[in-house]
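Just so we're on the same page: letters track the sequence lines, and every chain starts at 1.
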2 protein chains.
Amino acid sequence: MPTMTAAQRRARAKEEYDAFLAACPSRQLLGRISDKWVALTIAALHDGGTLRYSELARRLAGVSQKMLTQTLRSLERDGLVTRTVTPTVPVTVEYTLTPLGASLQDLMLGIKGWAETHMSEVHAARERYDAIR
Amino acid sequence: MPTMTAAQRRARAKEEYDAFLAACPSRQLLGRISDKWVALTIAALHDGGTLRYSELARRLAGVSQKMLTQTLRSLERDGLVTRTVTPTVPVTVEYTLTPLGASLQDLMLGIKGWAETHMSEVHAARERYDAIR
DNA sequence: GGTGTCTACTCTCTATTGGAAAGTTACCAC
DNA sequence: GTGGTAACTTTCCAATAGAGAGTAGACACC
């Protein structure tokens, strides 16, 4: 077996997976990461920062505990964040991005930023649309 | 009223909107664009290409007609795509990205690409996780 | 004039998911 | 034993996603 560089492996991966195909595992992964809570969680955890559960809950204003826990669990399972329990009293649980998670950071910050910078244009488009239909 | 450059207006917009806040309109917009069908639709429509409804349905394998119509309607309303009806028999309906939609293209292609290139790493992480828990 | 075809929907029904709120566990201080 | 705290977990209901069948309008064929 010849050794491949990381770049070669990545190029190979892109040929093997195609999210346009319904049965491709990358379609399911796309569905998982195309989620506002995933975007906000990764955005909040940017720059290798570590946040506690309660800090994340405060940052992602309005998230339910159930959703936050669910999102963090799936990110942990997918290897995007690490979960560290410190046996203080009461326990503290900290979350940090893994290198894999960090590779998504820029895209997630980009999407959050896009929503913020283009909000007014979208709003204007909606007014125009609603005036006509 | 002093005139602002586009860059100034964009900078201003980023200060005014913050998707971390539950009540901010950009939070709702973030939720709308963090959607696998939105990502795939915009990815399929890349490079100013125009696609018919049936071509999109074929490209986004497995999408239900209801979901596709719903997604296209919301993209149209938000000013991201234009819908053009040509009165042939039967009618043909074509969809194209607007400049606003095109500004999301790279991010959407990026997310789709991320899912494809990192699928194997995520898969490996899941195996590790499931072996332990 | 009845039957069939085509595209782009639209409607209906059921399964899954999301959010709100209350409950749980574990430990310690008083 | 009462209260407080962090990080969940559970329950319930409303909203949404997906599967599948049905519709409209203009033909073309027989």
Side-chain angles (χ1 to χ4, degrees), chain A residues 19-24 27-41 44-45 50-78 81-96 129 133, chain B residues 19-24 27-41 44-45 50-78 81-96 129 133:
Chain A
F20 279 130
L21 306 175
C24 183
R27 162 74 69 90
Q28 190 266 340
L29 180 56
L30 178 64
R32 200 74 260 307
I33 63 177
S34 297
D35 177 282
K36 69 170 180 260
W37 298 124
V38 168
L40 290 173
T41 302
L45 249 23
T50 292
L51 289 177
R52 294 177 52 178
Y53 181 88
S54 52
E55 293 172 325
L56 275 166
R58 215 172 311 122
R59 201 81 223 283
L60 314 195
V63 69
S64 69
Q65 294 187 311
K66 174 184 154 190
M67 255 292 113
L68 182 54
T69 303
Q70 214 170 88
T71 302
L72 288 168
R73 284 275 188 288
S74 95
L75 291 178
E76 189 197 358
R77 185 169 117 93
D78 288 352
V81 306
T82 52
R83 179 173 179 273
T84 315
V85 182
T86 314
T88 52
V89 141
V91 285
T92 43
V93 182
E94 295 185 316
Y95 294 91
T96 318
Y129 184 90
R133 321 291 145 169
Chain B
F20 279 130
L21 306 175
C24 182
R27 162 74 71 89
Q28 191 266 341
L29 180 56
L30 178 64
R32 199 76 261 307
I33 62 178
S34 297
D35 177 283
K36 68 170 182 260
W37 297 125
V38 168
L40 289 172
T41 302
L45 247 25
T50 292
L51 290 176
R52 296 177 49 180
Y53 181 87
S54 51
E55 291 171 325
L56 274 168
R58 215 172 309 119
R59 201 81 221 284
L60 314 196
V63 70
S64 69
Q65 293 187 312
K66 174 185 153 191
M67 256 293 112
L68 181 55
T69 303
Q70 216 169 84
T71 301
L72 288 168
R73 284 275 188 288
S74 94
L75 291 177
E76 188 197 0
R77 184 169 118 93
D78 288 352
V81 306
T82 52
R83 178 172 180 274
T84 316
V85 181
T86 314
T88 51
V89 141
V91 285
T92 43
V93 182
E94 294 185 317
Y95 294 91
T96 318
Y129 184 90
R133 321 290 145 173

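Side-chain contact annotation: A:Tyr53 with A:Thr69, donor-acceptor N/O pair under 3.5 Å present. Under 3.5 Å, the side chains of B:Thr84 and B:Tyr95 contain no donor-acceptor pair of N or O atoms.
Between the CG atom of A:Asp35 and the C1' atom of C:dG18 there is a distance of 10 Å, given to the nearest Å. A:Gln28 has its CD atom 17 Å from the P atom of D:dA17, to the nearest Å. Residue B:Arg73 contributes atom CZ, which lies 16 Å from atom P of D:dA17 at whole-angstrom precision. Computed from coordinates, the B:Lys66 NZ to C:dT7 P distance equals 23 Å when rounded to whole Å. When rounded to the nearest whole Å, the span between CG of A:Leu56 and P of D:dC8 equals 10 Å. Nucleotide D:dC8 holds its P atom 8 Å from the CG atom of A:Leu68, rounded to whole Å. Atom NZ of B:Lys36 and atom C1' of C:dT17 are 12 Å apart (whole Å). Put simply, CE on A:Met67 is 11 Å from P on C:dA20, counting in whole angstrom units.
In this structure, A:Thr92 reaches the sugar-phosphate backbone alone: every heavy-atom distance under 4.0 Å involves primed, P, OP1 or OP2 atoms, never a base. Residue contacts for A:Ser54: at a heavy-atom cut-off of 4.0 Å it reaches the sugar-phosphate backbone alone, with no base atom in range.
With the nearest nucleotide of DNA chain D identified for both A:Tyr53 and A:Val89, A:Val89 has the one nearer the 5' end. For the pair A:Pro90 and A:Ser64, both in contact range of DNA chain C, the more 5′-proximal nearest nucleotide belongs to A:Ser64.
Between C:dC28, C:dA8, D:dT9, one nucleotide has an atom nearer to the side chain of A:Thr69 than all others, and that is D:dT9. Proximity note for B:Gln70 (side chain, C-beta onward) versus C:dA8, D:dC8, D:dA17: the nearest is D:dA17.
Checking the phosphate oxygens (OP1, OP2) of C:dG19, a side-chain nitrogen or oxygen of A:Trp37 falls inside 4.0 Å. The side chain of A:Gln65 places no N or O atom within less than 4.0 Å of a non-bridging phosphate oxygen (OP1 or OP2) of C:dA21. Remark: A:Arg52 is in phosphate contact with D:dA7, judged by side-chain N or O atoms under 4.0 Å from OP1 or OP2.
Between B:Arg83 atom CZ and B:Arg77 atom CZ the span is 15.5 Å, to the nearest 0.5 Å.
With B:Arg59 contributing its side chain and B:Leu51 its backbone, the two residues share no donor-acceptor pair below 3.5 Å.
The only member of A:Asp35, A:Leu40, A:Thr41 that meets side-chain contact (heavy atoms from CB on, under 4.5 Å) when paired with A:Val38 is A:Asp35.
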